[in-house]
Amino acid sequence: MINRLVKMEFHPDKVNSFRELFAQQKQQIRQFPGCLHLELWEHPASGNTFFTFSQWNTAEELEIYRHSDLFRETWAATKVLFNAKPEAWSVNVAASL
């Protein structure tokens, strides 16, 4: 399983546009083959920094998604709202509680 974390910072006046875009696209992303889970997290102190947390069956399925029309269309609409370069990490659980 792959855990994917993406940090995105938006122009403050574009936050609502991003929220609307995520609301429109989240079900399609969740239903994409290989996607096990998708959440949107917000950094409460900033008001314009968000993270997506997703889980994928395999790295290959994540890459298929990243090369899909769904990703290209969603990312194109998202990246014009940024005020900083996004950051992404694929991470593993280091320890369970």
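- Interatomic distance, CG of Leu62 versus CG of Asn57, reported as 11.0 Å (0.5 Å rounding).
- Using a 4.5 Å heavy-atom threshold, the side chains of Ile64 and Phe71 count as separate.
- A distance of 10.0 Å separates CG of Leu70 from CD of Gln31, quoted to the nearest 0.5 Å.
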Exercise for the section: For the pair Leu81 and His11, evaluate side chain to side chain contact (heavy atoms under 4.5 Å, CB included) and give the outcome as yes or no after the intermediate values. Expected result: CA-CA 6 Å; Leu81 308 174; His11 292 283; 5.9 Å; no
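- For an aromatic pair to be called close, the ring centres must be under 6.0 Å apart, and Trp75 with Phe82 satisfies this.
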Practice task
Please lay out, stage by stage, how Glu42 and Arg19 fare under the test side chain to side chain contact (heavy atoms under 4.5 Å, CB included).
Solution key: CA-CA 11 Å; Glu42 180 177 358; Arg19 288 180 187 276; 2.9 Å; yes
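- Residue Ser68 holds its OG atom at 11.0 Å from CD of Glu63, rounded to the nearest 0.5 Å.
- For Asn92 against Met1, the heavy-atom pair with the smallest separation is OD1-O, 4.4 Å.
- The distance from the CG atom of Asn83 to the CD atom of Glu9 is 4.5 Å, given to the nearest 0.5 Å.
- The CZ atom of Phe53 lies 13.5 Å from the CH2 atom of Trp89; values are rounded to the nearest 0.5 Å.
- In terms of modelled atom types and a separation under 3.5 Å, the side chain of Arg30 and the main chain of Cys35 share no donor-acceptor contact.
- For the 3.5 Å distance criterion, the side chains of Ser90 and Arg4 qualify, holding a donor opposite an acceptor.
- Atom CZ of Arg66 sits about 12.0 Å away from atom CZ of Phe32, to the nearest 0.5 Å.
- Listed here is the closest heavy atom pair of Leu5 and Phe51: CD1-CB, 4.1 Å.
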Handout entry: Chi angles and distances behind the side chain to side chain contact (heavy atoms under 4.5 Å, CB included) call for Thr52, Met8
Key = CA-CA 8 Å; Thr52 55; Met8 300 167 288; 3.6 Å; yes
Exercise for the section: Start with the C-alpha gap between Ile2 and Gln55, add the side-chain angles, then the distance that decides, and say whether side chain to side chain contact (heavy atoms under 4.5 Å, CB included) holds. Expected result: CA-CA 5 Å; Ile2 302 297; Gln55 294 179 312; over 6 Å; no
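- Judged by distance alone, with hydrogens and angles left aside, the side-chain atoms of His43 form a donor-acceptor pair with the main-chain N or O of Ser46 at under 3.5 Å.
- Using a distance-only test at 3.5 Å, with no hydrogens or angles considered, a donor-acceptor pair links the side chain of Asn48 to the main chain of Phe10.
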Handout entry: Derivation and outcome, salt bridge (charged side-chain N to carboxylate O under 4.0 Å, His left out), residues Lys14 and Glu20
Key = CA-CA 10 Å; Lys14 303 295 184 188; Glu20 291 171 8; over 6 Å; no
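- Here Phe50 and Trp41 keep their ring centres 6.0 angstrom or further from each other.
- Under the 4.5 Å side-chain criterion, counting only non-hydrogen atoms from C-beta, Thr49 is in contact with Lys7.
- By the side-chain contact (heavy atoms from CB on, under 4.5 Å) test, Glu60 is found to be paired with Thr58, residues two or more places apart in sequence or in another chain being considered.
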